[in-house]
Amino acid sequence: MSETKGESFADRLPKHYVPADVEPRWLETWLASGSFRSAPDRAKKPYCIVIPPPNVTGILHMGHALNCTLQDILVRHARMRGYEALWMPGTDHAGIATQNVVERSLAEEGLHRDALGRDGFIDRVWGWRGKYGSAIVNQLKRLGCSCDWRRERFTMDDGLSRAVREVFVGLYKEGLVYRGRRLINWCVRCRTALSDDEIEHVEKQSRLWHIRYPLKDSRKSLTIATTRPETMLGDAAVAVHPDDERYREFVGATVVLPVMNREMPVIADAMVDPAFGSGVVKITPAHDPNDFEAGLRHDLEQITVIGPDGAMTGAAGKYAGLDRFRAREKLVEELEELGLLVKVEERRNSVGQCYRCDQIVEPFLSEQWFVSMRPLADKAIQASRDGKVSFVPARWERVYLSWLENVRDWCISRQIWWGHRIPVWHCGACGEMTVEVEAPAACSKCGSGRLAQDPDVLDTWFSSALWPFSTLGWPDETPELGYYYPTTVLVTARDIIYFWVARMVMMGLHFMKEVPFGEVYINGTILDENGARMSKSRENGIDPLVMIQGGRQRRFGKEFSYEGYGADAVRYTLCTLTTDGQDIKLAPTRFEMGRNFINKMWNASRFVLMRLAGVDQGTEPVAPEALDFSDRWILSRLARVAGDADRQIAGYRFHEYAKTLYEFAWGDFCDWYLELVKPRLSAGGNAAGAPARVLSWTLDNLLRLLHPVTPFFSEEVWSLLAEVAPARGLGVPEAAAPLLIRAAWPEPDESRIDARAEADMEQAMNVIRAVRNVRAKFNLPPKAPLAVTVSAADDAIRDALLPLADMVRAQAGAGSLDIGVGVRKPPQSAAEVMTGLQVYLPLAGLMNVEVERKRIGKELGKKRDALARLNEKLCNYEFTSKAPPEVVKREEDRKVELARQMGELEALRDSLAN
RNA sequence: GGGCGGUUAGCUCAGUUGGUUAGAGCACUUGCCUUACAAGCAAGGGGUGACUGGUUCGAGUCCAGUACCGCCCACCA
């Protein structure tokens, strides 16, 4: 397996990382090795996330990519931490939404669902579901999602459908599901009832028509105001406030409904706001929720004048058959002709639209099934108050609570075909309803076999609400249910806190007696580069699959071609953009950041792999004295970073996790440690032993830390590293895990933390930067060997720097380096004054003395100002007496150092004057 | 009508319990194809922290108010 060492090994490592050559291969390996699988294991602690099941309406968008990346980071991290981690995958049948997209695709063929019939249409939808369900799964896999795919569920699977029926029947028997004739929201295009949450309120320019209703047997009249004149055809009364003096005399009188010439009473009801309009309202019980309630109070007739298709009914007299909006126009014309239209006001008001097709919904009187929410919601409120469910960021708890506190009964029946049939059978003989989990053979009351199942299906969110336990096997008491429930965390988007999160908590508490998850992480919303929500109509979406593997995409009316950044780059970029659930403005070019980072890591890995190839790294523990200063430094940094990264993932601080690794990997490891290790490796022999081991160990750990966010890349390098360093570790080398995905998360080794090494390194870096700075400033050739002199402020600083002299000299490209305390500035040299020391570089003839003098003068000025501010602060008794002593001490130290630097600068300036 | 989020460098955004000179990526300037990497290296420029006031020895950070942008909720006949 490893005859590929040496030069041929390097040939296998392209200079640019090519994700397309790497990612599909590892996906196959992970799947074949069962690395994503999880099963109850009492020896381990469970960790479980259920995926928010994507709708099978179409392919995934960038919001899914973000949501799933975050879940995968959590699951991979938990798995490496030794948890028995399950990520439960699946998809949602998405009732109305899917029925709509299939209807649209039928329409393109000139077909209507009625032509296919119910069974034919449902077959067609299953076909659609098969196609998009598998496309979604493939997209998730391509993104690297480590779900246990054996367990994939669909909300209309047999098992989940049984769970739905069990819940319906259970709630029915408890009296929490009931049937009633009520005013519900009706979509005239979808031809179905909708719940309150499925209505989107959109503010629109509208009008307020003032219409005069003549009183019977009188010349007087009452004027009402309405935004919906067409509904007046269904009026049953007019109402005034009982305390309204203006209209007291009319209460009990009769008005004649114009056009219909129907006599109706004038009633008094406290719902009327005397201050609004004329203080008189029309009451239309069948077309307005308030009026419906008023109608019940006053026993008024419910006259339906707008039918389920949005056309006026036979009860609308001569307007029967007209579309509701056409009827409005005609009716207003007629009222005007009759002289009953008093005035028309322009007005903004919000109208309810169907969240799936944007049609304006109608309040519609019909027989529907409802869930009684109050008892269920109260438990969900209590769970949150008791801290059994908490939100991250915490502010979403209030949103969740306010919905639960104000929730009304939930209309769950839908007059569509795609979904779970309501488990109710109507008897053709006696009319009895039989409510059972399995289809009954005979009527529960009269025993007749003439049974017909209720034609309606359930709201899609009814089944989604059961997802955390239905996917684990409920109602059966499976080992999975006992082991993984309650799940650990739910990661989702804020727009389904009501639809889904709250309902899962309610159903979980009711049927499992426990919350479905302890924490809810609400991720931000992905917006386009202009801050607009991504949508098909705006043509501003970014297809995650195109970003991953390249391809063409139409945006803003233009066709773009993308080369593909790879799944890791997409994941890493999304991770860096995830701060505290903030929304994310995304442009395709943002993924360059992730791609560049991974390419950088690839090249750092290439370097390590090529240097380690063919080198005997030894089998003995690395003796502490064999560790160079730079080794101690990088190991110290690694120990810190391992702890930080762990806490950051556990605390859902995804951006910080990505940033911590970025700074360590690119900054510390690549920019510094790799450069420091080069000469030591080149020296060969014993000198190369320790650095080789530190190198493989550090890269090993870095790959582990990166794995949750960049799984493909890290797994690839892990396997290559295994070829050149099959056994790793600073103690007795141990065989590395065969696959990184199942390797252990690094235990932060506190004993490696070396504050002294970190501080000294910082000092050395500053000296090196100072030399480079001077070089750049005076445009010196990078290779010109300079005689660098460092003048330390005291012995301690000199002694710290002295052992690092070789390193500093090499990195600064200096020919020689002298370090001493209080060394005088060599003549004709440039200087950098910094904390604790000065750096001098001889620049005879290369330096413009006048320019340098000016620069020093400017710097001196800045320091003088800073010193003045410091002095003022330190002379302020309020400060010195009230600020913590350590803060005062720090400021005093600063002052001393600042004064020292100013002294040096002044001396410098004076020397240049000569 | 109620609530929430945002306003920091040219752009997109970070900033942990208030405490040195407010950071990053991109863009920009200068010099480099230095045998891991030009998707890179080195150095550098760039900020009245939306505005007003308050608390404090000290405010980007805490409080109050204002403005603008975005989102959510609401039985506004």
Discussion item. Categorize A:Tyr662 for me: base, sugar-phosphate, or nothing, with a 4.0 angstrom heavy-atom threshold over every strand shown.
Written reply: sugar-phosphate
Discussion item. For a quick test of reading the model: is some side-chain N or O of A:Trp396 closer than 4.0 Å to OP1 or OP2 of B:rG3?
Written reply: no
Worksheet entry | Listed nucleotide nearest any side-chain atom of A:Arg494, set B:rG3, B:rC71, B:rC75 | B:rC71
Worksheet item: Taking only side-chain nitrogens and oxygens of A:Arg398, does any of them come within less than 4.0 Å of OP1 or OP2 of B:rC4?
Response: yes
Practice prompt. Look only at the side chain of A:Arg775 and the backbone of A:Ala812, and say whether a donor-acceptor pair between them is shorter than 3.5 Å.
Written response: yes
Discussion item. Classify A:Arg769 by what it touches in the nucleic acid, base, sugar-phosphate, or nothing, heavy-atom distance under 4.0 Å.
Written reply: sugar-phosphate
Practice prompt. Consider only side-chain N and O atoms of A:Asp644 and A:Thr660, and report whether a donor and an acceptor are under 3.5 Å apart.
Written response: no
Fill in: Nucleotide B:rU20, atom P - distance to NZ of A:Lys862 in whole Å
19 Å
Worksheet item: Does OP1 or OP2 of B:rG40 have a side-chain N or O of A:Asn599 closer than 4.0 Å?
Response: no
Worksheet item: Are A:Lys282 and A:Asp288 within salt-bridge range, i.e. N to O under 4.0 Å?
Response: no
Worksheet item: OP1 or OP2 of B:rU20 sitting under 4.0 Å from any side-chain N/O of A:Lys873?
Response: no
Item to complete: Indicate whether any N or O donor in one side chain lies under 3.5 Å from an N or O acceptor in the other, for A:Ser206 and A:Arg348.
Response: no
Worksheet item: What dot-bracket string describes RNA chain B from 5' to 3', counting Watson-Crick and G-U wobble pairs whose defining distances are under 3.5 Å, with [ ] for crossing pairs and | for pairs to another strand?
Response: (((((((..((((.....[...)))).(((((.......))))).....(((((..]....))))))))))))....
Discussion item. Any donor-acceptor pair, under 3.5 Å, between the side chain of A:Asn290 and the base of B:rC75, if you only look at N and O atoms?
Written reply: yes
Worksheet, complete the sentence: In whole angstroms, the gap separating P of B:rA24 from CG of A:Asp671 amounts to 13 Å
Response to the item:
Looking only at B:rA39, B:rA36, B:rG19, the nucleotide nearest the A:His16 side chain is B:rA39
Fill in: Residues, nucleotides or ligands: over 12 heavy atoms within 6.0 Å of A:Arg246 CZ
yes
Response to the item:
Of the listed B:rC76, B:rA42, B:rC57, the closest approach to the A:Asn876 side chain comes from B:rC57
Discussion item. I want to verify a distance call: between B:rG19, B:rA36, B:rA74, whose nearest atom is closest to the A:Cys670 side chain?
Written reply: B:rA36
Practice prompt. Mind checking A:Phe669 for me? I need base, sugar-phosphate or nothing, with any heavy atom below 4.0 Å counting as a touch.
Written response: nothing
Item to complete: Indicate, with a heavy-atom threshold strictly under 4.0 Å, whether A:Val608 touches base, sugar-phosphate, or nothing.
Response: nothing
Worksheet entry | Polar contact flag, side-chain donor to acceptor under 3.5 angstrom, A:Lys895-A:Asn871 | yes
Worksheet entry | Distance below 4.0 Å between A:Asn596 side-chain N/O and B:rG40 OP1 or OP2 | yes
Discussion item. Both A:Glu663 and A:Phe607 contact RNA chain B. Which one's nearest nucleotide lies toward the 5' end?
Written reply: A:Glu663
Item to complete: Tell me whether the OP1 or OP2 atom of B:rA42 has a side-chain N or O from A:Arg775 closer than 4.0 Å.
Response: no
Worksheet item: Which heavy atom of A:Lys204 sits nearest a heavy atom of A:Gln353, and at what distance?
Response: NZ-NE2, 2.9 Å
Worksheet item: Atom CG of A:Asn766 and atom P of B:rA43: how far apart are they, to the nearest Å?
Response: 11 Å
Worksheet item: Does A:Lys15 have a side-chain nitrogen or oxygen under 4.0 Å from the phosphate oxygens OP1 or OP2 of B:rC37?
Response: yes
Item to complete: Please determine if a side-chain N or O atom of A:Lys678 lies less than 4.0 Å away from the OP1 or OP2 oxygen of B:rA36.
Response: yes
Fill in: Interatomic distance at P, B:rC13 relative to B:rC71, whole Å
15 Å
Item to complete: In plain terms, say whether A:Asp495 and A:Arg533 are close enough for a salt bridge, that is, a side-chain N and a carboxylate O under 4.0 Å apart.
Response: yes
Discussion item. Can you see if the side chain of A:Arg611 gets near the phosphate of B:rU35 - specifically, an N or O under 4.0 Å from OP1 or OP2?
Written reply: no
Worksheet item: For A:Trp602, which of A:Tyr17, A:Phe607, A:Phe597 qualifies under ring pair (Phe, Tyr, Trp, His ring centres under 6.0 Å)?
Response: A:Tyr17
Worksheet item: So what does A:Ser402 touch, heavy atoms closer than 4.0 Å: a base, only the sugar-phosphate, or nothing?
Response: nothing
Worksheet, complete the sentence: Quick note, A:Arg894 side chain, CB onward, closest among B:rU20, B:rC41, B:rA36 is B:rU20
Worksheet item: Heavy atom of residues 579-593 of chain A under 4.0 Å from RNA chain B: which residues?
Response: A:Thr579, A:Gln582, A:Lys585, A:Arg590, A:Met593
Item to complete: Could you tell me which non-hydrogen atom of A:Pro229 sits nearest to which non-hydrogen atom of A:Leu331, and how far apart they are?
Response: O-CD2, 3.3 Å
Fill in: Spacing between A:Arg395 atom CZ and B:rC71 atom C1', to the nearest angstrom
11 Å
Discussion item. Among B:rC37, B:rC76, B:rG19, which nucleotide has an atom closest to any side-chain atom of A:Asn349?
Written reply: B:rC76
Discussion item. Is it the case that over 12 heavy atoms from other parts of the model lie below 6.0 angstrom from the CD atom of A:Glu346?
Written reply: yes
Discussion item. Taking the minimum atom-to-atom distance to the side chain of A:Trp666, which one of B:rG40, B:rG44, B:rG19 wins?
Written reply: B:rG40
Worksheet item: Can you tell which of B:rC37, B:rC75, B:rC76 lies closest to the side chain of A:Arg606?
Response: B:rC37
